[in-house]
Amino acid sequence: MPEALADLQQRFGAALLDPDAPTAGLFRGPSQHTAHCIALYRGNLAANWGKALGNACPVLRTLVGEDCFAALARQYGRCHAHDEGDLNTLGGGFASFVANFEALAPYPYLGDVARLEWALHRSHYALDAPRLDASQLAAIDPARIETLQLRLHPATTLLTSPWAIDDIWFAHQPAADRSLPADPRRTSRMVVLRPAWRATVRSLAAGEYAALDALSCGAPLGEALEQGFDTDPRFDPATAIPGWLAEGLFAAPNLSQEN
Amino acid sequence: MNKRHFLIAAAVAGIAAVAANPALAAKEGKEKCYGISKAGANDCASTTGSHACAGQSKADNDPNEWKYVASGTCTEMGGSLKPGGKN
């Protein structure tokens, strides 16, 4: 009696992910033919993982090289069941996978590079929600500015790392205006943003990072600005805030809730 | 709270400066959107050649240990490092 279709499909799925799984009878014909067929399926699956992850993390791919990246993508795909049809969401756990991958331990900044690239990838696909603009802020009673709470725009992400991942990222851009750091040991702070259509990165000084970080955690504006100033007295709201507005870092307030 | 007042005053001044000059703020949004699309991971159309889907007819080989050896630009930086910034 032939194997039930559901069982055959289960076995096929398992064989795709596990090279040691039994493959006998998965395809008609001699066993060598079956082995060849399943190898093609596995190869295509791994290539799709590699393409999807390489699309999200091109700098990491350049950092580790094609062979290593392809091997990482295959290992990640095998270990992380992806239950969505959208390959753009495949890499949600890739940064922590890379950070904990033993063979890459001599390059401990790679996980944070992947984290930065994943934030850029998510920023690219983030909802195009309305932005907070100067006229909305100017309409607010100055007495209420101090207690104002702002929300980051969906395309905005703050990151910090003990490694110079901003320099590393910029050094790999086509119009590279920074070179690879000779020593990547430097604390970096940055914002991933999408000012118009393109997701990009801007390095932040410690004060500006502290203020934005406080705002993103829900601190009122007065408190956030003070945290920025306490971190670095050079932090100046009169220049920082116009920059934030021009870059569209914040979402427009939900007026129905404000009233 | 002098510090807080000073910071809020600076914030209000910054907001007023941008609000008074909306052209400054609006310029950013008018960038032409040509060529901004990023190749999607789901696109089957090939960017590299004749095959529609990535890796077609590419048979799987079991991963070899040497493939996990990083050989790209990371080898140009800092040698062997350890997390936490101490070597």
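The figures here come from the full heavy-atom set of this structure, side chains too, leaving out hydrogens, waters and symmetry mates. Reminder, nothing fancy here: chain letters follow the sequence lines and each chain counts from 1.
- Enclosure of atom CZ in Arg186(A) by more than 12 non-hydrogen atoms of other residues, nucleotides or ligands within 6.0 angstrom is indicated.
- Put simply, of Ala238(A), Gly65(A), Gly248(A), the one with the most heavy-atom pairs under 4.5 Å next to chain B is Ala238(A).
- Residue Ile241(A) touches chain B through its side chain alone, counting heavy-atom pairs closer than 4.5 Å.
- Looking at Ala16(B), there are no atoms closer than 4.5 Å to chain A (heavy atoms on both sides), in backbone or side chain.
- Chosen from Val113(A), Asp183(A), Leu137(A), the residue pairing most often with chain B at heavy-atom distances under 4.5 Å is Leu137(A).
- Listed here is the closest heavy atom pair of Gly14(B) and Pro242(A): O-CG, 3.5 Å.
- Within the 4.5 angstrom heavy-atom criterion, no atom of Leu90(A) approaches chain B.
- Interface residue Pro184(A): only side-chain heavy atoms are found under 4.5 Å from chain B.
- Contact of the Ile15(B) side chain with the Ile145(A) side chain is registered, since non-hydrogen atoms from C-beta on lie closer than 4.5 Å.
- Using a 4.5 Å cut-off between heavy atoms, Leu104(A) touches chain B through its side chain atoms alone.
- Heavy-atom distances place both the backbone and the side chain of Glu223(A) under 4.5 Å from chain B.
- When all heavy atoms are compared, the tightest approach of Pro181(A) to Met77(B) is O-CG, 2.8 Å.
- Heavy-atom distances place the side chain of Asp230(A), and not its backbone, under 4.5 Å from chain B.
- To the nearest 0.5 Å, atom NZ of residue Lys67(B) and atom CG of residue Leu72(A) are 12.0 Å apart.
- Ring pair Phe101(A)/Tyr68(B) is tilted by interplanar angle, where 30° to 60° counts as tilted.
- Here the shortest heavy-atom pairing between Glu146(A) and Ile8(B) reads CA-CD1, 3.6 Å.
- Across Pro237(A) and Ala11(B), no two heavy atoms sit closer than the pair CB-N, 3.9 Å.
- Proximity to chain A is limited to the side chain of Val12(B), based on heavy atoms less than 4.5 angstrom apart.
- When every heavy atom of His172(A) is checked against every heavy atom of Thr73(B), the shortest pair comes out as NE2-OG1, 2.8 Å.
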